[in-house]
Engineer: 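Dropping a structure here in structure tokens format, bear with me for questions.
A note on names: the letters A, B, ... follow the listed sequences, proteins ahead of strands, and every chain is numbered from 1.
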2 protein chains.
Amino acid sequence: MTETAPRPTLEAVAARAGVSRATVSRVVNGADGVREPLVERVRRAVEELGYVPNQAARSLVTRRHDAVAVVVAEPETRVFADPFFALQLRGISKELTAHDNQLVLLLTEGRDDHARVGRYLAGGHVDGALVFSLHLDDPLPGLIQRAGVPTVFGGRPGWSDGTTDVVYVDSDNRGGAREAVRHLAGLGRTRVAHITGPLDQTSAADRLDGYRDVMGDADPGLVVRGDFTPAGGERAMRELLDRCPDVDAVFAANDLTASGALRVLRESGRRVPEEVAVIGFDDMLPVAEQTDPPLTTVRQDIEEMGRLMARLLLGGLGPGDAGAAPTGVVLPTTLVRRTSA
Amino acid sequence: MTETAPRPTLEAVAARAGVSRATVSRVVNGADGVREPLVERVRRAVEELGYVPNQAARSLVTRRHDAVAVVVAEPETRVFADPFFALQLRGISKELTAHDNQLVLLLTEGRDDHARVGRYLAGGHVDGALVFSLHLDDPLPGLIQRAGVPTVFGGRPGWSDGTTDVVYVDSDNRGGAREAVRHLAGLGRTRVAHITGPLDQTSAADRLDGYRDVMGDADPGLVVRGDFTPAGGERAMRELLDRCPDVDAVFAANDLTASGALRVLRESGRRVPEEVAVIGFDDMLPVAEQTDPPLTTVRQDIEEMGRLMARLLLGGLGPGDAGAAPTGVVLPTTLVRRTSA
DNA sequence: CTGAAAGCGCTAACAT
DNA sequence: ATGTTAGCGCTTTCAG
């Protein structure tokens, strides 16, 4: 059982290059003030020995880790079956990589996991945290803020009272919803329904608000609750058809919901978009392009949201500082026209 | 700009409890051989001070990190839109958490990322790596093996020549495929087609092998290439219908493919399962249960695969040791009957 | 511009 | 059973 070969230390490199540890350290960290010939010698020694700095030793003194935690509360499995999060993660990863930071993924499943995450964050293992808090009553965000780690939230946290400055990145859910509903209205539809998402998530609540912005207090029977899943969309669509048979357009809170609604519509013999126009939200390609007919929807640049979160975190917002941090940044959405509306 | 409050050290706890650092260390690390009253005092001091061990300092001496890297090559976006990986990740996360290990996620996008990952792994930041290598020609696995980090692969690596012992976890793709095809045959179908996955992934190749195990050298026209996507499934199904109009059963390489095939079948007016029976692979719930009709498929326990990978990694397979490591472990699959076959 | 030396916070012998 | 001590590998004043 070969013990893992002892990796060369700064000391070894220094010896080989015939300089002091300090000099090697300077070269390795790109500090200037070392004369060219020495730099060269050190470089070669590093190369020959295959030296790689010991991050633990470095962190011990610098108190930096070049690592950020991504915390995902995952009360439901669905969260994960959703390409949404995956895309965001990808954006985050790209940005972190570009800044030589590592991504530590913290998935939480329940109460005890929360404690664990809190401890980890408070333990100063990472330089910051990117947090996806999905529900209004999630205790996680509080825990995290108390941990005193610089944090950026994904999506506007529901508990933010607007006075404390949490930093978050969000899509313009409300504006996107407005645009969708206006488009429907522009098509001459007068009985425009909305199938909501789970209203304890701000994204769903905001989309509902956007709908109301345009529809005012139209027939409240036209608003029916879904849950961001195709099954929920089906259920809601049935209810809708039952309650308001004259519905001529549906704004679904997301593409998955729309796909369910579409199925029920087809089943019931309504033609889309001729009799009922349908719009989704997200522009999740594998879904939106595959529905029958292809889905008109509101696109949000999910990957960019991830990137931006990472950029914000790395770019400053001083540690533990409650002063001048920027607060929310919301990304624009765009309407993508396909066939369903 | 409040500097992040200096966290208490072992020293501080020791002082407060009136003992030596060593004793505190023992208590914190659960070593026995400390008398109860002292343990109690130390515990209280830890509590009062909110002490959390500095992982960097600890790693520096123990040379352990309680962290493992999860490396995902992601040449195509699809990988990620796929709930498959998400589920595996979840299994991994649970198992790691249970052993107090952190998950460092390394996403790679291209050649330069490979170098970065290699460096990271070689840099001894983690105690091991869990690697998803998707393609036969992926250079990543080689890099990783050279890094000398204990590694477990997700899915049988295609480049394994069978003599070197790589450790991997895989599903019984071949056996599952056999069971599917036999089921179709048992239904009395004689013209059983297969829509493959991308054959440079072992999972796809193995499923094809399983199909052949049962079908022998039936009409080769019945095998058509897909790519694990619904769109690929549609394309393949059209080709199939064109080439072999008498096809009476389809074994699709995965559920997504099956969903595409199903759509084309419906379009073309063939009744499923009466005229054409269809079986998928994966039992990806959001897909398999939502198709019309619900999909009969081969289930693999994806989350368990993830768990197992983590367990294997943590459970031993001595560092860098090329000797007596276990090699592949393959998990059984089960046929799930719904309506489509 | 370079080197010497002092720790960072912790664990693990080794004493007691 | 507990305390003392010597580093782990690195960065960073501080001298020279």
Engineer: Return yes if some donor-acceptor pair links the side-chain N/O of B:D66 with the main-chain N/O of B:D100 below 3.5 Å, else return no.
Structural biologist: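 No.
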
Engineer: Return yes if the base of D:dG9 and the side-chain atoms of A:R7 contain a donor-acceptor N/O pair under 3.5 Å, otherwise no.
Structural biologist: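 No, no donor-acceptor pair under 3.5 Å.
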
Engineer: Could one point to a donor on the side chain of B:R21 or the base of C:dT11 with an acceptor on the other under 3.5 Å away?
Structural biologist: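 Flag set: donor-acceptor pair detected.
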
Engineer: Under 4.0 Å between a side-chain N/O of B:S20 and OP1 or OP2 of D:dT4, yes or no?
Structural biologist: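 Answer is no, no contact under 4.0 Å.
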
Engineer: Need to verify one output field. Residue with the more 5' nearest nucleotide on DNA chain C, B:N54 or B:R26?
Structural biologist: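 It is B:N54, whose closest nucleotide lies nearer the 5' terminus.
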
Engineer: Tell me which nucleotide among D:dG9, D:dT12, D:dT4 gets nearest to the side chain of B:A22.
Structural biologist: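 Within the option list, the nearest is D:dT4.
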
Engineer: Measure the distance from CG on B:L49 to C1' on C:dG9 and round it to the nearest whole Å.
Structural biologist: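 Value for this atom pair: 15 Å.
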
Engineer: Taking the inter-plane angle between the rings of B:Y120 and B:H125 on a 0 to 90° scale, is it parallel (under 30°), tilted (30 to 60°) or perpendicular (over 60°)?
Structural biologist: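 Ring orientation of B:Y120 relative to B:H125: parallel.
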
Engineer: Rounded to the nearest Å, what distance is computed from the CG atom of residue B:L10 to the C1' atom of nucleotide C:dA12?
Structural biologist: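 Atom CG in B:L10 sits about 13 Å away from atom C1' in C:dA12.
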
Engineer: Roughly how many Å is it from CZ in B:R64 to P in C:dT11, rounded to a whole number?
Structural biologist: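 Those two atoms, CZ and P, are 11 Å apart.
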
Engineer: Specify the separation, in whole Å, of atom CG of B:L60 and atom P of D:dC10.
Structural biologist: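 The answer, rounded to whole Å, is 9 Å.
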
Engineer: Quick check: any donor-acceptor pair below 3.5 Å linking the side-chain of A:R63 to the base of C:dG9?
Structural biologist: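 Result: no qualifying N/O pair found.
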
Engineer: Of the options C:dC10, C:dT2, D:dT2, whose atoms approach the side-chain atoms of A:V34 most closely?
Structural biologist: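 Nearest to the side chain of A:V34 among the choices is C:dT2.
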
Engineer: Do you know which of A:D113, A:L106, A:L107, A:T108 makes side chain to side chain contact (heavy atoms under 4.5 Å, CB included) with B:S93?
Structural biologist: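 Testing each of A:D113, A:L106, A:L107, A:T108 against B:S93, the sole residue satisfying side chain to side chain contact (heavy atoms under 4.5 Å, CB included) is A:L107.
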
Engineer: For A:E11 and C:dA4, what is the distance between atoms CD and P respectively, to the nearest whole Å?
Structural biologist: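 Checked: the CD to P distance equals 10 Å.
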
Engineer: What nucleotide, of C:dG7, C:dG3, C:dC10, holds the atom closest to the side chain of B:A57?
Structural biologist: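 From the listed options, C:dC10 comes nearest.
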
Engineer: Between B:E36 and B:R43, is there a side-chain N and carboxylate O pair less than 4.0 Å apart?
Structural biologist: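 No, no charged N to carboxylate O under 4.0 Å.
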
Engineer: Would you say a side-chain N or O of B:T62 is under 4.0 Å from OP1 or OP2 of C:dT11?
Structural biologist: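 For C:dT11, neither OP1 nor OP2 has a side-chain N or O of B:T62 closer than 4.0 Å.
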
Engineer: Please report the distance, rounded to the nearest Å, between CD in B:E36 and P in D:dT2.
Structural biologist: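 Answer to the nearest Å: 10 Å.
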
Engineer: Between A:A14 and A:V24, what is the shortest heavy-atom contact and its length?
Structural biologist: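 In terms of heavy atoms, the two residues are closest at CA-CG2, 3.6 Å.
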
Engineer: Tell me whether the OP1 or OP2 atom of C:dC10 has a side-chain N or O from B:S25 closer than 4.0 Å.
Structural biologist: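 Looking at the OP1 and OP2 atoms of C:dC10, neither is under 4.0 Å from any side-chain N or O of B:S25.
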
Engineer: Provide, to the nearest angstrom, the distance between the NE2 atom belonging to A:H125 and the P atom belonging to C:dG9.
Structural biologist: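 Spelled out: NE2 on A:H125 to P on C:dG9 is 14 Å.
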
Engineer: Below 4.0 angstrom from OP1 or OP2 of D:dT11, is there any side-chain N or O of A:R58?
Structural biologist: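 The answer is yes; a side-chain N or O of A:R58 sits under 4.0 Å from OP1 or OP2.
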
Engineer: Using a cut-off of strictly less than 4.0 Å, decide whether A:N29 has a side-chain nitrogen or oxygen near OP1 or OP2 of D:dT11.
Structural biologist: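 Result: yes.
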
